[in-house]
Amino acid sequence: MAKTTYSTFLALFAAAVLLTGCSDSGTDTMTDKPAAQHDEAVDLDTLITQAEDAQSEADKLGFEWSVTAPLLEEAHAAAKAGNHEQAIALFREVKHQSMLAIEQAHYADKHWQLLIPVND
Amino acid sequence: MKGLTCLSAILLGSLFVSAPSYADPQSDQDDIRAFFQKRFPKVELAGLADGVYAINENARSQWEEIEEFPPYEDAVDEGQAFFETPFANGKGYADCFPNGGIGIKQDYPKFDTETGQVITIESAINHCRTSNGEEALPYGQGQLAYVSAYMAETSRDNIINVVIPDDERALAAYEAGKKMFYERKGQLNMACATCHISSAGAQLRAEITSPALGHTTHFPAFRFAWDDIGTLQKRYAGCNTQVRAKPFALQSEQYRNLEYFHTYMANGLPLNGPGSRK
């Protein structure tokens, strides 16, 4: 029993050390590469266009989710405040939600009759 | 000969590629009634006009007590006062509607063959105002909902009689409303039918989901959640928001078509609005 507890402790400790190492390494990589930040700035503009286009398409289909527009506002606010990483994450989420809504619209168009009650 | 063969092929093809085929509204209505009669065998069709209070005894006894001192009474009185107050040009609501606007709600929504649009009683109220030089009122609640509540009260016990005229545009509007009722929307991926057909009568957290046939009977309704009288389309927007779908504008074509289908399904049920609901 004591041996098992000791082994578990060692395994958890090793995992914690590995995770910390990975995390530090990630931070270093980001701070060491200003060029990457420049790329992300370019990507942000593209991402904004993609997210807004997708949202507009979902709206046009009548399937926009009510939670998407507030996220878009939040994303623009983050971008304006210079919070680049947060803005990217939020615009990605807007794009993702909108793509799902578009997919939902296409699915509904083909399969909306599935919920019509069938009487035996 | 070759020409004839081609013509035959075109004619044969046209059998398969033709105008969109619509279901028969009467058969839709029969199917939905049969479904609810099977789901709630102890409830008569007319009883479904009471909505959730037709299928749950506890909720019904609370509702009956509330109805002894109806929370919508003041709104109906105010609605009557607004209804009877002449517009600046001397005319009034009574001049815009058949029978002076009294006891006519059972005929709405209507399909207007001139405009090719579905007219709800609320859109007709605002049309009456604007065509008499008055400003349109905001939809959903407030003065317009009160006038509508008064008109509903004068129509109590009248039997819903929504007509779909022999006009392809009317059938298309009905079909669009039907599609909207059954299509899943929002982040929660739910349709109107998910709660009010498939799960009607089920416990949804602290609530019992109401059957779809008893909705259009009692609006405008006083909802305790609103602490006021509100219209059916305000509820549609609320339902859309609850499943995290962006709601349409009140009295948009989408909601008018939905109301057309939804009310047609309740044809034959007595009106009992304005009602009170949680």
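Naming convention: chains lettered A, B, ... in sequence-line order (proteins, then strands); numbering from 1 in each chain. Values reported hereafter were calculated over all heavy atoms of this structure, with side chains retained and with hydrogens, waters and symmetry mates removed.
- Both the backbone and the side chain of B:N189 come within contact range of chain A, each with at least one heavy atom under 4.5 Å from a heavy atom of that chain.
- Ranked by heavy-atom pairs under 4.5 Å with chain B, the first of A:L115, A:V118, A:V67, A:T68 is A:L115.
- Here B:R244 is the residue among B:E183, B:R244, B:M180, B:K38 with the most heavy-atom pairs under 4.5 Å with chain A.
- A salt bridge is absent between B:D228 and B:R223: the closest approach of a Lys/Arg side-chain nitrogen to an acidic carboxylate oxygen does not fall below 4.0 angstrom.
- Heavy atoms of B:F248 lying under 4.5 Å from chain A belong exclusively to its side chain.
- Contact between B:P165 and B:Y260 at its shortest, heavy atoms only, is CD-OH, 3.5 Å.
- Looking at B:K185, both its backbone and its side chain come within 4.5 Å of chain A, counting heavy atoms on both sides.
- When each of A:H96, A:K95, A:Q97 is tested with A:E93 by the rule side-chain hydrogen bond (donor to acceptor under 3.5 Å, both in side chains), just one qualifies, namely A:Q97.
- Note: B:A245 leads B:A245, B:P247, B:A193 in heavy-atom pairs under 4.5 Å with chain A.
- Note on A:D109, A:L114, A:I116, A:D59: by heavy-atom pairs under 4.5 Å with chain B, the leading option is A:I116.
- A cation-pi contact, defined as under 6.0 Å to the ring centre and within 45° of the axis, is absent between B:K246 and A:W65.
- Geometrically, B:K178 does not engage B:F181 in a cation-pi contact defined by less than 6.0 Å to the ring centre and at most 45° from the axis.
- Counting heavy-atom neighbours within 6.0 Å of A:E103 CD, excluding the residue itself, gives a total of 12 or less.
- Taking chain B as the reference chain and counting heavy-atom pairs below 4.5 Å, the highest number among A:A105, A:P117, A:A69, A:A58 is found for A:P117.
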